[in-house]
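Not measured: the values here are computed from a predicted model. The chains referred to below are lettered A, B, ... by the order of the sequence lines, with proteins before strands, and numbering in each begins at 1.
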Amino acid sequence: MIREQVFAIKMHITKSKQVYVFQVKLPQNCGRIVGVEYGHRQLKVTEIPTPPIEPPLPDPPLPPSEPPKEPPKEGEDRTEVTPPPTTDSTAPPTETPSDELMKNFQRNELFGELRLQSCDEADIFYTADIKASENNIGEKDFSLNAFWKAFAYTHQTQCFEDEISLNGKNPVITGVYKDKSSGQNPDYIVNVYLWIERKAAQD
Amino acid sequence: MLKAVKKRFDIQITASGQSLSKTFEMDKSIKTVRGVLLTSDKDDLLYYRGTQKIEINSEEFFPENYESKLLMSGINVSPKQRYYDLGNVNTGNGIIKLSYTDNPDTRTSFAAYRVSLYLDCEMEA
């Protein structure tokens, strides 16, 4: 008979660029590692440094206006050379449909990076970027309006663990979490859940 | 013949940081639990602040500090698939223990809220 069991690892991150190393000791009857899940809790609003606002540049001087051209006199041969058309770099670029789609996307703030490692041939078997939030969950949802907005807790899909299949012969799993948040003094908790298949005693 | 039924058990969280453990007993006619689901009257508080431990028949299925959001389903999931599949768990003595902890999170401000544990069960018809 095989049963699943989950190990919860809690990491409290309090320093910028903090590296948190942990080890999970698997039980002797661990058959294989079947999945990984993670989540986080924010204990303090991170202070994101904002760049100083630069004063606007003065307008460039206008080119000198050309004197009005006189009409050619009789017998005078005047040929006008028109300059070749040049691409104007200051002109606004034309918008493509893909630009229109990307206009409202917001970047998801990155908290950090998680890696799990086994000391056998599998080596690093799991890597994940842990994001602070999902900012585009309601993107292009036609049902949204001023009163009905999309949030992670209303529109999330069902949560399943990230499936992996790794034999449980190696009794120790090492994990490394690196903080990569842009805030000065982060304060958050990352939870990692390691699912294993446990061989129960024969009845 | 087994018939599918849904059961709901509620707890009320009234203080920030509160831990509450409650035991529920199911009918004797219920033989197996197929899935679990967590909801609340204030979804955001449950999503960001909740962690819980769930035991069925004195066997731990979700450990302490397991986040509630991992057992929630949004409206993007069809109603028939919203339960977290446990397989067919024998209910044994029929006792469900829910140990819930409210954890402060800066993305929400606390207000009293209800946590509902739904169970997808099979009972003898």
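Between B:Y66 and A:Y193, the ring-plane angle classifies as tilted under the 30° and 60° cut-offs. Between A:W195 and B:F62, the ring-plane angle classifies as perpendicular under the 30° and 60° cut-offs.
Closest non-hydrogen pair, A:Q156 versus B:V77, comes out as O-CG2, 3.8 Å. Across all non-hydrogen atoms, the minimal contact from A:N191 to B:E67 is ND2-OE2, 2.7 Å. The two residues A:H155 and B:I75 come nearest to each other via the heavy atoms CE1-CD1, 3.6 Å.
One distance of note links CZ of A:F7 with CG of B:N65; it measures 14.5 Å at 0.5 Å rounding. Within the model, atoms CG of B:N76 and OG1 of A:T154 stand 8.0 Å from one another, a figure rounded to the nearest 0.5 Å. With values rounded to the nearest 0.5 angstrom, A:L43 atom CG is found 9.5 Å from B:R107 atom CZ.
Other residues, nucleotides and ligands contribute at most 12 non-hydrogen atoms within 6.0 Å of the NZ atom of A:K178. Residue B:Q12 qualifies as enclosed at atom CD: its count of foreign heavy atoms under 6.0 Å is above 12. In this structure, A:K17 places its NZ atom where more than 12 heavy-atom neighbours from other residues, nucleotides or ligands lie under 6.0 Å away.
Interface remark: B:Y84 contributes backbone and side-chain atoms alike to the contact with chain A (heavy atom separation under 4.5 Å). A:E4 does not touch chain B: none of its heavy atoms, backbone or side chain, sits under 4.5 Å away.
In this structure the side chain of A:R3 reaches within 4.5 angstrom of the side chain of B:F61, judged on heavy atoms.
Between chain B and the options A:S133, A:A8, A:A150, A:G39, heavy-atom pairs under 4.5 Å are most frequent for A:G39.
Listed by chain and residue number, A:R41, B:T51, B:T101 satisfy the side-chain contact (heavy atoms from CB on, under 4.5 Å) test with B:N103 (two or more places apart in sequence, or in another chain).
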